[in-house]
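These numbers come from a predicted model, not from an experiment. By convention in this document, chain letters (A, B, ...) are assigned in the order of the sequence lines, proteins followed by strands, and residues within each chain are numbered from 1.
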Amino acid sequence: MPEPTIEVELPDGSRKVLAAGSTGADLAAAIGRRLAKDAVVVEVEGELVDLSRPLPDGAKVRVVVAGSDEGRQVLRHSTAHVLAQAVCALFPGARYAIGPPIADGFYYDFELPGGARFHDEDLPRIEQAMRAIVAEDQPFERAEHSVADGLEIFAAQPFKREIIEGVGALGAGDVDPELAAEAGPVVTTYRNSGSFVDLCRGPHVASTSRLGHFTLTRVAGAYWRGDEHRPQLQRIYGTAWESEEALAAHLHRLAEAERRDHRKLGAELDLFSFPDEIGSGLAVFHPKGGLVRRVMEEYSRTRHEQAGYDFVSTPHITKSQLFETSGHLDWFAEGMFPPMELDGGERYYLKPMNCPFHILIYRSRQRSYRELPMRLFEFGTVYRYEKSGVVHGLTRVRGLTQDDAHIFCARTEMREELASLLDFVLDLLGAFGLEDFYLELSTRPAGKAVGSDEEWEEATEALRSVAVAKSLDLVLDDGGGAFYGPKISVQVRDAIGRTWQMSTIQLDFQLPQRFGLEYVGADNARHRPIMIHRALFGSIERFFGVLVEHYAGAFPTWLAPVQARVLPVRDDHDASAQVLLAQLRDAGLRADCEGASEPLGARIRRGKLEKVPYLLVVGDDDVASGTVGVNVRGSDAPERGVEVAHLVARIAADAASRAVTPPIAGVDEAARA
RNA sequence: GCCCGGGUAGCUCAGUGGUAGAGCAGCGCACUCGUAAUGCGCAGGUCAGGGGUUCAAAUCCCCUCUCGGGCUCCA
């Protein structure tokens, strides 16, 4: 009589016959040795389960390997368990809360007895304890329990009990789905030693020896369930990967991000600073940073002018009434600086937004449909009272300048306006070398929202169809829009793959209503315009910071504060150097000259560190033959004997082209990438 | 705002109760040089600010400001 068997279906449609009771591990082994080694969990009918669980007959299965996104999540989750086990061993009485995998790693939240805190010095010994657990090859043993048993097991773990109680209340409808998901419909636990058991839905790797390519990175405070009114826990972050190479690559990426940090480069390249005397989150731009900023603004102005915008200017402070009418004082007050009170009791606020001012310009007289769409643009400097803990370099500040515009249009014009606007946005970002985008569309929130169904539907659909037409990835943030209108935001991937939210396009059905905006239509009746808020850079400060990081401080020639620097080899080449300098400047280029008070090598070095696109050397040969030695940024060898007029034209062409990197003679773009 | 860790010369940092230091940058002098650091010298600090403990505080304690890493939020 044959042994009983089961049959499973693999992702390629093929079928595999296995002995009854075979597990995911058995399946992987049956397919191949390499797969058996790489397997961490198995997907059964769309659900990830432990390798040790028997496979059901007839199931669709897929072996998940360590190097996949899902595999890494499992590794990280399991590593988090080991972290909790190590902490519980080293800090008796520690309570453990949750420890999920996150992008690139994991964390685990703890409450230490007596309100004790982790310190950086604790990380190495915790890591050592984790490595000991890994070396012991402890199996992760899954078990299922009733809610009552779960509460019993975790009698001394209030956070676990709270999660279990959430599971017990499933069906009551008011359970945080994330917490419920942590445990599943029944209470499952994973035990990997006599002393350590954790509440967890799983799955996990088979045993701790599967782990090991991890490191703990930092300690931080975090609120239980992210709620600042609940206890603050101690969080330990770590990163974990499938191999030493992957871990090393990740650590290298972190180092690269640090090298590009705009705060560091901002000081090194003398671009901007944050003087303590002024206050947190308030930047000053130095001459070189100010220059880059001015070029950005000038380019933006030109483009807005071409796109049919009108330029306006509005004050930085206003009486409180304006923000009462707009509603900002109702829902944005804590994001605003406190008011200045005048003798008469009148209160003035610094503006956190420009919209109400632009609205007043619209409303300054009766408007005709012939004037629409009216596009009012301003580099508007606004002030927002960010909480002290959140300010961060130029990306999160308290004083910022938006490239802000408000478009007032008829509903019939809305679709076309949005379409051209998205084109404009992507084209402008592209001009700054940001080419890799995806879009996020935030739609109508459930419950009350301002504006008619038709307006919402039409606007959302317009945004969606325009995005689809651009064949960009569109991430739906369903119900994530504000109550006053749908929104599309442009997420940009930078040179090292990080994403930043830059531009936003926001429909607003509310403010036209609150301010009673109207226009007279062709039908001689009054109509309410629709309002679009939009910022392309978002904030100039943030955009500037992102550009610094994107280019690692090496701005394209058209943006570079110093585009070319002339270096005479000796003092007696100075006259020729000055002639060259004048020619460069006559060509509209930003150039300077550094005389021979230091050796040429030192001046070359400084120019390279300052990331000047063109370093031009003038020596005996050049004086004699009207040439120059050219060092193009990014090239490892200088070009000698380049004819001056040709060189000037070449740099001017590079600047005018707004190319991302200066062209190097004899090297095409593809070869440099 | 809350938690953890910082703040010493322009920058990067050493100095843990007993006379404030180094490298780089700056300034001066010399060097006049062909592609990533020329040499010598000088100057530079209320050790973030304030209060306290002590014979004595950069160092120990308290408060404030500020920076970094997080939580939360967002442009």
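Rounded to a whole Å, the CG atom of A:L600 is 15 Å from the C1' atom of B:C31.
Taking the salt bridge (charged side-chain N to carboxylate O under 4.0 Å, His left out) definition, one finds that A:E610 meets it with A:K288, A:R565, sequence neighbours left out. A:D654 meets the salt bridge (charged side-chain N to carboxylate O under 4.0 Å, His left out) test with no other residue; sequence neighbours excluded. Under the side chain to side chain donor-acceptor pair (under 3.5 Å) criterion, A:T314 pairs with A:K351, A:E378, sequence neighbours left out. With sequence neighbours left out, the salt bridge (charged side-chain N to carboxylate O under 4.0 Å, His left out) criterion links A:R605 to no other residue. With sequence neighbours left out, the side chain to side chain contact (heavy atoms under 4.5 Å, CB included) criterion links A:C593 to A:V566, A:P568, A:D574, A:A577, A:Q578, A:L581. By the side chain to side chain donor-acceptor pair (under 3.5 Å) test, A:Q583 is found to be paired with no residue, residues two or more places apart in sequence or in another chain being considered. In this structure A:R301 satisfies the side chain to side chain contact (heavy atoms under 4.5 Å, CB included) test together with A:E297, A:F311, A:F379, sequence neighbours excluded.
Contact check of residues 434-444 of chain A against RNA chain B (heavy atom, cut-off under 4.0 Å) returns no residues at all.
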Go along nucleotides 68-75 of chain B 5' to 3' and tag each nucleotide: B for a protein heavy atom under 4.0 Å from its base, S when only backbone or sugar atoms are that close, - otherwise. SBBBBBBB
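Regarding contacts with the backbone of B:A37, every side-chain N or O of A:R605 stays at 4.0 angstrom or more from both OP1 and OP2.
Set against B:U32, B:U35, B:C67, the side chain of A:S280 has B:C67 as its closest nucleotide.
Atom CD of A:Q128 is surrounded by 12 or fewer heavy atoms from other residues, nucleotides or ligands within 6.0 Å.
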Could you list the protein-to-nucleotides 24-27 of chain B atom pairs, N/O on both sides, closer than 3.5 Å?
none

Distances under 3.5 Å between nitrogen or oxygen atoms of protein and nucleotides 8-10 of chain B:
none

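For A:D622 against B:G34, a side-chain N or O and a base N or O form a donor-acceptor pair under 3.5 Å.
Ring pair A:H316/A:Y383 is tilted by interplanar angle, where 30° to 60° counts as tilted.
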Report, one line per pair, each donor and acceptor closer than 3.5 Å where one atom sits in a side chain of residues 101-113 of chain A; sequence neighbours left out.
residue, atom, partner, partner atom, Å
A:Y108, OH, A:K160, NZ, 3.0
A:Y108, OH, A:D198, OD1, 3.3
A:Y108, OH, A:D198, OD2, 2.5
A:D109, OD1, A:R235, NE, 2.6
A:D109, OD2, A:R235, NH2, 3.0
A:E111, OE1, A:R95, NH1, 3.3

